[in-house]
Amino acid sequence: MIGKLALSLLPFLLALGYLTGWFVPFVSAALLSAKAAPGLWALLAALAFPLAFYLARGVRAGNEVKLSYLIAYLVVVIGPLAWLVNVTAISQVGNSLKVVELKELPNLVGVYRLIPLPTAYKYAIDRIQLPTHTIYYQETYVYYNGTRPIYNWLIEPEGVLNSLFRDPRGAVFVYADAYPPEVKIVRQDLTWGLHNYKLTPLFLDSLALESLFSGAFGKEVVWEDVADVYLNGQVVQLLPVVDYKPVFPGSLPYIDSYLVVYPNGTILKVRPEEAVRYGVPALPERVARRWVDALRVKDWVQAVFFHNTFTIRDVGDNPQPYLLLDEEGRPWWVFVAEPPGNTYSAYMILLVNASSTEPTIYVYKFDKPKIGVSKAYSYVMKAHPNWAWDSLKVQEPLPTTINSTFYWKLSVTTSDSRGLVSVEFVDADSGNAVSVSVKGKLNAEEVLASLLKGRVSKKEEPNLNELLRKIEQIKAELNELEEMVKEIASK
């Protein structure tokens, strides 16, 4: 009977094994899970013994196993203990991080990124003239070439059949420091992308499976932080590989390596520091965010029961952190922290060096609360009450420092994100807006130079007395002109 059942399941198991790479990804994921949460898995293994003993005794005695007992065991014992181990594990990770208090906030230049992601995507997708291929909105990563931020997408096959029988056709790069943005398309046949597969005699091959064979087995490839770079005439992909260092009961995530994928399908494993020569941060965004999230519950009792912590709020299409340069051109992952609950004011900046792999977080606390990321939008609308906001969008708040003043830099676009209307700088202390209208071409370096020299004036409410004085002055000049015309006509 058992042999017949196994024989009937054999075609299904063979098909499943072929499609999944003979279960290698599942084994890798299980190993990764054990390394990422050792305390939780140790607890579950320990609590499984009483459960197994209860079930075995009931079966031997011929007693009916009561489902209510199992549910009670899960809810009363396993659930709370798993939550406790999980929160203490995150707390232990937070305590393993090095925290450096800053007395002065470095100048953060958010001006370079003039073009928000939705606008860059619209310009990029308009240039893709292949009916079988497309680019996927969220599959971009921002890095800098000098001071030029670059959005990047692979031109991927679209649809199931195209994914099986067509390869990626190159990449598109959008330079975000000028408007209209510069768009560069590189046509190149690539062996691997994020959306294509290859039918081989042994298994259904993919970049995810190849990455496991190339050094990512039992580790995590951060797919949302994959960067596409054009270097020496080739489009190469950089896949960040994350591993975990045990700090029981938790594990500290760290960047283990990068996998460099070449157009011919060759995959090389390089150290994180070597990613810098490609223009990509050594530390991926995901790792920096996990470190800061762990720091939030460093003292888990205070954080959970007394709300004595901070919140990293994500607004719009650009979740924190923000990759910004300082005035010396060094890249930083920048977080703006707000109190938990309904208090939407910024009171702390956290910075992680994007060129370093050391688990160090730099903290700068404001002397007094600033306008938070959640409220920056409303100050832009307030500064332009006569604009047709039903046909406009305020996008991508980025922290920036100009003349020692902390601002929120925001972009106002048309509702379809295709047109950049203005670039707004909201003073995080006063709420006053510095507005840079976009008429024709605009360059980030020009905007920055104007702001530093103070040639862009703040938008202020008109003074009624001043307006009346100017009106009276114009009337007097008109009267003088009328007298002059009469005098000329009488001659």
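We use all heavy atoms of the structure for the numbers below, so side chains are in, but hydrogens, waters and symmetry mates are not.
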Practice task
Apply side-chain contact (heavy atoms from CB on, under 4.5 Å) to the pair V183 and F173, showing each step before the final yes or no.
Solution key: CA-CA 6 Å; V183 181; F173 303 92; over 6 Å; no

Exercise for the section: Dump the intermediate steps for side-chain contact (heavy atoms from CB on, under 4.5 Å) on H195 and E139, then the final yes or no. Expected result: CA-CA 11 Å; H195 292 270; E139 293 178 1; 2.7 Å; yes

Practice task
List the steps and the verdict of salt bridge (charged side-chain N to carboxylate O under 4.0 Å, His left out) for D314 and R289.
Solution key: CA-CA 12 Å; D314 295 322; R289 179 66 186 250; 3.1 Å; yes

Exercise for the section: Please assess L102 against V363 for the test side-chain contact (heavy atoms from CB on, under 4.5 Å), listing each intermediate value before the final yes or no. Expected result: CA-CA 6 Å; L102 295 177; V363 177; over 6 Å; no

Handout entry: Check against side-chain contact (heavy atoms from CB on, under 4.5 Å), I125 and T134
Key = CA-CA 7 Å; I125 195 69; T134 189; 3.6 Å; yes

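Across all their heavy atoms, Y144 and L324 have their closest contact at OH-CA, 4.0 Å. The minimum heavy-atom distance linking P249 with T88 is given by the pair CG-OG1, 4.0 Å. Nearest heavy-atom pair across V221 and S211 is CG2-OG, 3.9 Å. The nearest pair of heavy atoms linking Y141 to P284 is OH-CA, 3.6 Å. Contact record, Y258 with P281: OH-O, 2.9 Å, taken as the closest heavy-atom pair. The two residues S417 and K393 make their nearest non-hydrogen contact at OG-NZ, 3.8 Å.
No side-chain heavy atom of V434 sits under 4.5 Å from any side-chain heavy atom of D427. Under the 4.5 Å side-chain criterion, counting only non-hydrogen atoms from C-beta, L238 is in contact with V236. Side-chain contact between Y175 and I115 is absent, with no heavy atoms from C-beta onward closer than 4.5 Å. Put simply, the side chain of K269 reaches to within 4.5 Å of the side chain of D256, judged on heavy atoms.
Looking only at distances, a side-chain donor or acceptor of T309 sits under 3.5 Å from a matching main-chain atom of R296. Remark: the backbone N or O of L194 is not paired with any side-chain donor or acceptor of W223 at under 3.5 angstrom. Judged by distance alone, with hydrogens and angles left aside, the side-chain atoms of D326 form a donor-acceptor pair with the main-chain N or O of R330 at under 3.5 Å. In this structure, the side chain of S422 does not engage the main chain of E424 through any donor-acceptor pair within 3.5 Å. Checking side-chain atoms of W387 against main-chain N and O of L392 turns up no donor-acceptor pair under 3.5 Å. Within the 3.5 Å criterion, the main-chain N or O of T140 finds no donor-acceptor partner in the side chain of N152. For T413 (side chain) and L420 (main-chain N/O), no donor-acceptor pair under 3.5 Å exists by modelled atom type. The main-chain N or O of Y377 is never found under 3.5 Å from a side-chain atom of K382 such that the two would form a donor-acceptor pair. A distance-only check finds no donor-acceptor pair linking the side chain of S345 to the backbone of G372 [under 3.5 Å]. At least one donor-acceptor pair closer than 3.5 Å links the side chain of N95 to the backbone N or O of K298.
Ring orientation note: the planes of W153 and Y151 are close to parallel, at an angle under 30° on the 30°/60° scale. Using cut-offs of 30° and 60° for the angle between ring planes, the F425 and Y407 rings count as perpendicular.
For residues 232-253, the pairs satisfying side chain to side chain donor-acceptor pair (under 3.5 Å) are K35-D243, E220-Y244, Y244-R290, with sequence neighbours left out. Applying the ring pair (Phe, Tyr, Trp, His ring centres under 6.0 Å) test to every pair with at least one member in residues 294-345, sequence neighbours left out, gives these pairs: W332-Y362.
Taking the charged nitrogens against the carboxylate oxygens, R286 and D225 have no contact shorter than 4.0 Å, which rules out a salt bridge. Salt bridge status for R418 with D126: present, with a side-chain N to carboxylate O gap under 4.0 Å. Ionic pairing of K370 and D429 is present here: one or more N-O contacts between side-chain nitrogen and carboxylate oxygen are shorter than 4.0 angstrom.
Side-chain N/O atoms of S356 and E358 include no donor and acceptor closer than 3.5 Å. Donor-acceptor pairing under 3.5 Å is lacking for the side chains of Q395 and S411.
Every residue two or more places apart in sequence or in another chain that forms a salt bridge (charged side-chain N to carboxylate O under 4.0 Å, His left out) with E182 is listed here: R148. A search for salt bridge (charged side-chain N to carboxylate O under 4.0 Å, His left out) contacts involving R313 returns E338, not counting sequence neighbours. Residues satisfying the salt bridge (charged side-chain N to carboxylate O under 4.0 Å, His left out) criterion with D367, sequence neighbours excluded, are absent altogether. Every side chain to side chain contact (heavy atoms under 4.5 Å, CB included) that S33 has, sequence neighbours left out, goes to W41.
Crowding of E101 atom CD: a count of heavy atoms from other residues, nucleotides or ligands under 6.0 Å exceeding 12. Atom CZ of F26 is surrounded by 12 or fewer heavy atoms from other residues, nucleotides or ligands within 6.0 Å.
In summary, of the residues considered (L190, V172, I135), a side-chain contact (heavy atoms from CB on, under 4.5 Å) with L154 occurs for L190 alone.
Taking the ring centroids of Y364 and F366, they lie under the 6.0 Å cut-off.
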